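To start, the structure under review is shown below, and the notes come after it.
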Amino acid sequence: MIDGLDAESQTEQRLFSRLNIAFARFLSQHTSFDSIQKQAFEAIVMAVSYEQNQGHSCIQIDDEARTLLFASGLVETDLKSQANPLPLVIEQNRLYLHRYWNYENRLAMQIKAMAQVAHPVEQLDAMLDRYFAASEETDDQREAAKMAVRQSFSIITGGPGTGKTFTVVKILALLQELAEQPLHIALAAPTGKAAMRLQESIGFSKAKLPCSDTIKSRIPETVTTLHRLLGAMPPSPYFRHHADKPLVYDLVVVDEASMVDLALMSKLLDALKPGACLILLGDKDQLASVESGAVLADLAAAETLQNNVYTLKKSHRFGGAIKELAEAVNLQQDELAWQILSGGGDGTVQFLDTDLIGYVAAQQAEYLQLIKAGAEFERIYQAFSRFQVLCSNRQGKNSVADINYRVEQKLAEQQRIDLSGLWYPGRPVIVTQNNPALNLYNGDIGICMVDNVGAGLEHDQPGQPQGTAPTGKLMVFFQRPDGSVKKYLPARVPHCETVFAMTIHKSQGSEFEEVLIVLPEAINPVLTKELLYTAITRAKESIKLVAREAVFIATVKQKIERVTGLVDKFKI
């Protein structure tokens, strides 16, 4: 809570950016305040700007701060007017930057309207019987499908292995059967990695559908990123598709929706054509988006949307100690979670009892050997993707930067890689900035290799046609969401980092056979139960952990509390 004239004293624990400071000073220049009032006003504006960068869409203020802000003349009083909007908005006890109030308000209005549209379906139970064999194993999936088929807007949430994708494929088949004309459907995810996973799941599940080949053919298998779907136009924040130029699709399905921030979700709703349907899939208990908002969790908690939300609870592939640990962490049962780690259990969850860097370096042996043997990229990428180190922090001891540096040094010492240059055969990288022109997006993972894997790959070298002979140059290879492989000259790859270790945030939308979770030696604000839960649920087979007990316990006890007004906008 920001308290009026005492706001300056509350800024001491915040590290404001130059942009936060410059923005606040720019606005204060447009007020008639005296120096003391300006100081207090700037502190409040710096706070809302800073907190928006930390993931909050607004901040809470008291009556004294409200009075000061309204006296500035920079708070919007006519929220229905779109002409020359003022930079700040106060709604109840919440202060917004106008843009983020607009995103939140418009998103709520659009979803409310969609949620009111129902689609009565005759003899639906008979169709559901065909798609969902009567059993406790599929009861909740059947109910989720029954909800989604009848709604224009629906959310299907659940933990890993609960069958979200399996269920949505059946929903798509049901909707195509019910449609008078074939529906035009788009499948999307926030990242290329998440899109690739959804595409694999769709193709696998589609083959098992109890419907005609005609219906199966109407279910798309190609999955795109949301930025590509909407038509990103970097470096601007705008998209080719919007309210005046909507998408052509009758139905859009978005997987890993917990990763979608407030601005992007609002722009997606803007771009839907009138009458289109939307299905959001995701785990509401995972980390919220990196940018502002906690959209999926907020929508799932909204009072008036409860008929549009279904939570799948039974995991079909996720069991044993991994499931027990994930549930204990999610419920903030810190002592039980530590006992699960300490007890040994079924051996799938345990502490790392050997040298951290030596263990990580040893896990790279298979993919590096495949590179030396001239194996196909698909095999190399699969071997590399089997294991991943997940860290909470980017800097400091046991951080992403620290582990990546030390693992590279260890591998060079073992003569498995050559560190004579920045780029070397075997260097794994993660893209950290979207580049739609190159079809590379934040979170995409590639591997640098000598171009000797043969013809047939799609090249990104000007003037070099597809299918030409190997060049012998170092290239960076990426597997695209459709399964194809594309290679780039290292100099053309956008901002990227070595990725023997990655942040837990970057791992969202990914799965690995084994994950090694590394927490820092001291508690910090990044460490939350949502972060740890997300890391645990990236593992398919086993988890190893490096953490002090005090840090682990504190992490489980700490919960993300994002300040937003989205839930309140759905209150009856």
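All figures in this text were calculated on a predicted structure; none of them were measured in a lab.
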Check this for me, if you would: do [X] and [Y] make a salt bridge, where the nitrogen-to-carboxylate-oxygen distance has to be below 4.0 angstrom?
| X | Y | result |
| --- | --- | --- |
| Arg197 | Asp255 | no |
| Asp125 | Lys146 | yes |
| Asp568 | Lys571 | yes |
| Lys313 | Asp140 | no |
| Arg562 | Glu530 | no |
| Arg94 | Glu91 | yes |

Do any N or O atoms from the side chain of [X] and from the backbone of [Y] form a donor-acceptor pair under 3.5 angstrom?
| X | Y | result |
| --- | --- | --- |
| Lys206 | Lys216 | yes |
| Gln508 | Ile504 | no |
| Gln332 | Val556 | yes |
| Asn308 | Phe153 | yes |

Q.
More than 12 heavy atoms of other residues, nucleotides or ligands under 6.0 Å from CZ of Phe351: yes or no?
A.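 More than 12 within 6.0 Å, yes.
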**Q.** Near-ring test Tyr103/Tyr100, centroid separation under 6.0 angstrom
**A.**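 Under 6.0 Å, so yes.
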